[in-house]
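All ligand and atom numbering here is 1-based and tracks the order in the structure.
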Amino acid sequence: MSTSSTPPAPPPSNRISGTAISKEIRAELAVECSSIKSTVTPGLAVILVGSRPDSLAYVRMKKKACAEVGIDSFGYDYPETVTQQELIDKVNELNADPKVHGILVQLPLPNHIVENLVTSAVHPDKDVDGLHPLNCAKLVTAQTHGGSVKMNWKDLKSIPFHIACTPQGCIELLDRSGVEIEGKRAVVIGRSNLVGMPVSLLLNHRNATITIVHSRTIDAQSVVRTADIVIAAVGRAKMVKSDWLKEGAVVIDVGINSVDAPDTKKGYRLVGDVDFDECEGKCEKITPVPGGVGPMTIAMLLRNTVNSAKRVCGI
Ligand SMILES: Nc1nc(=O)c2c([nH]1)NC[C@@H]1CN(c3ccc(C(=O)N[C@@H](CCC(=O)O)C(=O)O)cc3)C=[N+]21
């Protein structure tokens, strides 16, 4: 009898890999781009103001991802001192440019510029960020252009208006990891226009029962404990602890908080809104940071851009 024992198999991972899932989606989009290339090459315009290191890094990642799947990207970089009118003029020019199917204004903008006025200048059909008030409104009312077309919320890429990328990425992570949403109790932590509010609407369209907790909620912890699905989108490092969770909850961590880490090359480390090490053992599934929602945000931006190009061409 052999005494050499094979090492025990590692426990099955309960991590949802946004890195892997976004790769899968980018591969699908590459196939799609190549199948439409005789008709159209999707184009994304990216407006960057100033030189915040995080914005520079995100814009670089977005352009690289575009190149990989076969989307043309056009960069427009402005100094911190650019006027609001100059940006709006550029947006209007891009609205009229047939090579451009998506326009992204990298946020945040400097304080002297009213962000809303710039993002509202983007034509709703080219608003691949899903931030234009018309697209936000359609997410609430689920109406299309004057018609009463039935929406298929199980297939977000079929929805005929642009939905914000990070919320869309959260749902896609759940779907592609086999998590049932219908009938579940979902608690969303945070109520921002960028994530908390739109992701709540999407979960509602998918027939979850939603609760939003926010800074004025009394006893957030006991509300979160009722959740089958938790979406954490507040921007507070490691706020959600394991005793906030019901055993077997599914956790999507949208937070990207940078915390000092003098021992690392960069001097900082990214952590989520969830205390991952503490919570991992208690969850049915959980997304890590980095490698969770972040890469999905970019994948959904690419998908919105491809959809935009296809719609222009009627395909
Ligand atoms: N108009 C606009 N649209 C946006 O979608 C937008 C924006 N402005 N401003 C900033 C935020 C942030 N954002 C991220 C995109 C990708 C990652 C991402 O891929 N993160 C990786 C790694 C990041 C790293 O290592 O630095 C991850 O989480 O694994 C994160 C964050 C898009 N944003």
More than 12 heavy atoms of other groups within 6.0 Å of Ile315 CD1: yes
What does the N/O contact table under 3.5 Å look like for ligand 1?
unit_1: ligand 1; atom_1: 1 (N); unit_2: Val105; atom_2: O; d: 2.7
unit_1: ligand 1; atom_1: 1 (N); unit_2: Asp129; atom_2: OD2; d: 2.6
unit_1: ligand 1; atom_1: 3 (N); unit_2: Asp129; atom_2: OD1; d: 3.1
unit_1: ligand 1; atom_1: 3 (N); unit_2: Asp129; atom_2: OD2; d: 3.2
unit_1: ligand 1; atom_1: 8 (N); unit_2: Leu107; atom_2: N; d: 3.1
unit_1: ligand 1; atom_1: 9 (N); unit_2: Gln106; atom_2: NE2; d: 3.0
unit_1: ligand 1; atom_1: 9 (N); unit_2: Leu107; atom_2: O; d: 2.9
unit_1: ligand 1; atom_1: 19 (O); unit_2: Gly294; atom_2: O; d: 3.3
unit_1: ligand 1; atom_1: 19 (O); unit_2: Pro295; atom_2: N; d: 3.4
unit_1: ligand 1; atom_1: 29 (O); unit_2: Gly291; atom_2: N; d: 2.6

By the salt bridge (charged side-chain N to carboxylate O under 4.0 Å, His left out) test, which pairs, at least two apart or in different chains, include something from residues 181-202? none
Please check if Val187 and Val293 belong to a single hydrophobic cluster, counting links between Ile, Leu, Val, Met, Phe, Trp and Tyr side chain heavy atoms closer than 4.5 Å. no
Compile the donor-acceptor pairs under 3.5 Å between side chains in residues 234-242 and protein atoms, sequence neighbours left out, one pair per line.
unit_1: Lys241; atom_1: NZ; unit_2: Lys238; atom_2: O; d: 3.3
unit_1: Lys241; atom_1: NZ; unit_2: Asp275; atom_2: OD2; d: 3.0
unit_1: Ser242; atom_1: OG; unit_2: Glu278; atom_2: OE1; d: 3.1

Summary of side chain to side chain donor-acceptor pair (under 3.5 Å) pairs that have at least one residue in residues 100-116, sequence neighbours excluded: Lys62-Gln106
Check this for me, if you would: do Glu68 and Lys64 make a salt bridge, where the nitrogen-to-carboxylate-oxygen distance has to be below 4.0 angstrom? yes
